[in-house]
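The figures here come from the full heavy-atom set of this structure, side chains too, leaving out hydrogens, waters and symmetry mates.
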Amino acid sequence: MQLVRQHCATLFILSLASLSLLGCKSVTTNDTVDYKSAGAVRGPNLSYPPDLITAQADRRYIVQDGSATMSEYNAAVKKSVQTRKNVMTGIPGMRIARDGERRWLVVEKPAPELYPQIKDFWQENGFLLVIDSPSTGIMETDWAENRAKIAQDFIRSTIGGALDSLYDTGERDKYKTRLEVSKPGETEIYITQRGALEVCTTDSTGACISTIWTARPNDPELEAAFLARLMERLGMTQEMAKAQVAVPLGPKTPKAKLVQEGVNTAHIEMAAGFDRAWRDTGLALDRSNFTVEDRNRANGVYYVRYVNPKDLGDTKGFFSNLFSSKDDSSLKAKKYLVVVKSTGDNSSSIYVQNADGKPENSAAGLQLLTLLTEQMAR
């Protein structure tokens with residue numbers, strides 16, 4: 001547990017400090033993002049938030065064996081470093097696009113040419129991919145810890161990495177990347193972040209008896225940081241990339257409204273044309289507990305899987321559920337179609353259908369539309 005680890009670390013480093021005559025010098029870092037020493041890089045890490053079960057999916061969406069070994073990771077990083085030596089000097093027309101509080105990257109290159117470079121980018125930044133689908137232009141990282149959030153005091157800076165495992169932020173992040181072909185020869189790149197936080201459960205006296213993982217609000221600044229890093233990876237200077245990302249976002253405006261027609265019959269209405277409705281729906285799906293398996297922009301359809309957190313049961317039994325060999329069919333995600341329809345130049349509607357393409361007029365369908373509406377309102 002996070003609090004136990006921190007307490008043990010404190011006792012241990014104090015005992016070491018008492019044997020040292022080193023001076024007290026504060027050490028800080030200018031980088032606020034560092035996943036290089038995340039648990040996924042060191043090896044198997046059981047400190048995962050409770051909704052992190054990767055639902056059963058088509059094997060083409062999962063990295064080999066559903067995980068990666070240290071040797072595979074090191075080989076991938078070595079290859080990407082070699083590739084980076086020949087990185088392009090810049091892509092004409094690469095820019096940050098904005099719509100209200102949304103940012104995304106537009107690159108004048110075909111998606112198939114960009115996909116391997118973006119995959120290398122995530123591996124260079126210390127992540128393993130749990131979804132790697134060139135055919136759909138979707139990739140998703142494993143959960144990892146941002147070690148830059150751990151204070152670099154003089155004891156840690158002096159003793160070095162020997163004590164790294166004793167320090168834990170109690171936070172995990174994962175990122176989704178989606179490539180959209182907006183027009184021939186041009187690709188839109190979306191990066192979305194999800195966070196989890198380890199918190200205490202207390203007894204009647206207020207004492208911490210255990211910890212559980214809970215959802216942490218989305219952090220747009222982390223998304224912006226990785227957009228800037230990706231622009232550098234594709235050849236833009238650091239100064240230019242940071243300047244583009246730093247341009248203020250537009251004002252927040254109401255985007256979506258849930259319209260309930262019956263007990264479990266509803267849809268979402270948006271005061272926006274199809275392009276914006278399609279984009280906002282995709283971002284809402286990426287930031288929720290949905291997995292986009294495929295999409296058809298021409299027909300306005302996202303093919304998604306969804307695991308209801310209620311189906312995971314008691315979070316204390318999460319690890320046994322995840323690592324045991326017992327049947328996990330009850331935890332399989334259900335498939336849905338999220339359909340975006342244009343109803344005018346500045347209006348659109350969003351519906352949820354079941355896997356057969358019929359209206360999902362159930363409590364589950366209403367719940368999914370509610371989740372999407374909440375994400376779009378942020």
Measuring from atom [atom1] of [X] to atom [atom2] of [Y], what distance do you get when rounded to the nearest 0.5 angstrom?
{"X": "Arg95", "Y": "Met236", "atom1": "CZ", "atom2": "CE", "value": "10.5 Å"}
{"X": "Asn299", "Y": "Arg297", "atom1": "CG", "atom2": "CZ", "value": "12.5 Å"}
{"X": "Asp356", "Y": "Leu337", "atom1": "CG", "atom2": "CG", "value": "9.5 Å"}
{"X": "Leu369", "Y": "Ile268", "atom1": "CG", "atom2": "CD1", "value": "5.0 Å"}
{"X": "Ile350", "Y": "Met376", "atom1": "CD1", "atom2": "CE", "value": "3.5 Å"}
{"X": "Leu285", "Y": "Arg305", "atom1": "CG", "atom2": "CZ", "value": "12.5 Å"}

Legend entry - With Asp99 via side chain to side chain donor-acceptor pair (under 3.5 Å) - residues at least two apart: Arg276, Arg279
pair [X]-[Y]: side-chain heavy atoms closer than 4.5 Å:
{"X": "Asp286", "Y": "Val292", "answer": "yes"}
{"X": "Ile118", "Y": "Thr177", "answer": "yes"}
{"X": "Met139", "Y": "Trp122", "answer": "yes"}
{"X": "Glu232", "Y": "Gln238", "answer": "yes"}
{"X": "Trp104", "Y": "Ile189", "answer": "no"}
{"X": "Glu188", "Y": "Leu105", "answer": "no"}
{"X": "Leu234", "Y": "Met231", "answer": "no"}

Inset, instruction - Hey, can you tell me if Tyr35 and Tyr175 have their rings parallel, tilted or perpendicular (30° and 60° cut-offs)? - result: perpendicular
Cluster question for you: counting only ILVMFWY and a side-chain heavy-atom cut-off of under 4.5 Å, with indirect links fine, are [X] and [Y] together?
{"X": "Leu283", "Y": "Leu227", "value": "no"}
{"X": "Phe121", "Y": "Val106", "value": "no"}
{"X": "Met270", "Y": "Val339", "value": "no"}
{"X": "Val338", "Y": "Tyr303", "value": "no"}
{"X": "Met240", "Y": "Leu230", "value": "yes"}

Side-chain donor-acceptor pair present, [X], [Y], cut-off under 3.5 Å:
{"X": "Tyr115", "Y": "Glu113", "result": "no"}
{"X": "Asn218", "Y": "Arg194", "result": "no"}
{"X": "Ser348", "Y": "Ser342", "result": "no"}

Using atom types as modelled and distance alone, determine if a side-chain donor or acceptor of [X] lies under 3.5 Å from a backbone N or O of [Y].
{"X": "Thr141", "Y": "Leu128", "value": "no"}
{"X": "Arg103", "Y": "Ile191", "value": "no"}
{"X": "Thr187", "Y": "Lys109", "value": "yes"}
{"X": "Thr214", "Y": "Leu197", "value": "yes"}
{"X": "Arg216", "Y": "Ala196", "value": "yes"}
{"X": "Tyr302", "Y": "Trp278", "value": "yes"}
{"X": "Asn296", "Y": "Ala298", "value": "yes"}
{"X": "Glu223", "Y": "Asp219", "value": "no"}
{"X": "Asp203", "Y": "Thr205", "value": "yes"}
{"X": "Ser349", "Y": "Glu269", "value": "no"}

Do you know the tightest heavy-atom contact between [X] and [Y]?
{"X": "Ser133", "Y": "Thr136", "result": "OG-OG1, 2.7 Å"}
{"X": "Leu258", "Y": "Ala266", "result": "CD1-CB, 4.1 Å"}
{"X": "Ala228", "Y": "Val245", "result": "CB-CG2, 3.8 Å"}
{"X": "Thr373", "Y": "Ala256", "result": "CG2-O, 4.2 Å"}
{"X": "Val107", "Y": "Met94", "result": "CG2-CG, 4.1 Å"}
{"X": "Leu179", "Y": "Ala111", "result": "CD2-O, 3.9 Å"}

Legend entry - Salt-bridge contact Glu198-Arg172 (side-chain N to carboxylate O under 4.0 Å):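 A salt bridge is absent here (no side-chain N lies under 4.0 Å from a carboxylate O).
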Legend entry - Lys/Arg N to Asp/Glu carboxylate O, Lys335 vs Glu293, below 4.0 Å: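 A salt bridge is present here (some side-chain N lies under 4.0 Å from a carboxylate O).
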Legend entry - Within 45° cone of Tyr190 ring axis and under 6.0 Å: Arg178 NZ or CZ: yes
Legend entry - Criterion side chain to side chain contact (heavy atoms under 4.5 Å, CB included) on Lys119 and Asp132, from CA distance to verdict: CA-CA 8 Å; Lys119 178 179 177 179; Asp132 176 11; 2.7 Å; yes
Legend entry - Intermediate values then yes/no, side chain to side chain contact (heavy atoms under 4.5 Å, CB included), Asp142 and Leu129: CA-CA 6 Å; Asp142 202 353; Leu129 296 180; over 6 Å; no
Legend entry - Contacts of Tyr351 that satisfy ring pair (Phe, Tyr, Trp, His ring centres under 6.0 Å) - sequence neighbours left out: His267
Legend entry - Set of residues satisfying ring pair (Phe, Tyr, Trp, His ring centres under 6.0 Å) with respect to Phe290, sequence neighbours excluded: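 If we apply the ring pair (Phe, Tyr, Trp, His ring centres under 6.0 Å) test to Phe290, skipping adjacent residues, the hits are Tyr306.
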Legend entry - Test side chain to side chain contact (heavy atoms under 4.5 Å, CB included) applied to Arg295 and Glu180, step by step: CA-CA 10 Å; Arg295 60 199 184 282; Glu180 292 272 5; 3.0 Å; yes
Legend entry - Stepwise side chain to side chain contact (heavy atoms under 4.5 Å, CB included) test for Ile138 and Lys176: CA-CA 7 Å; Ile138 296 172; Lys176 288 184 181 179; over 6 Å; no
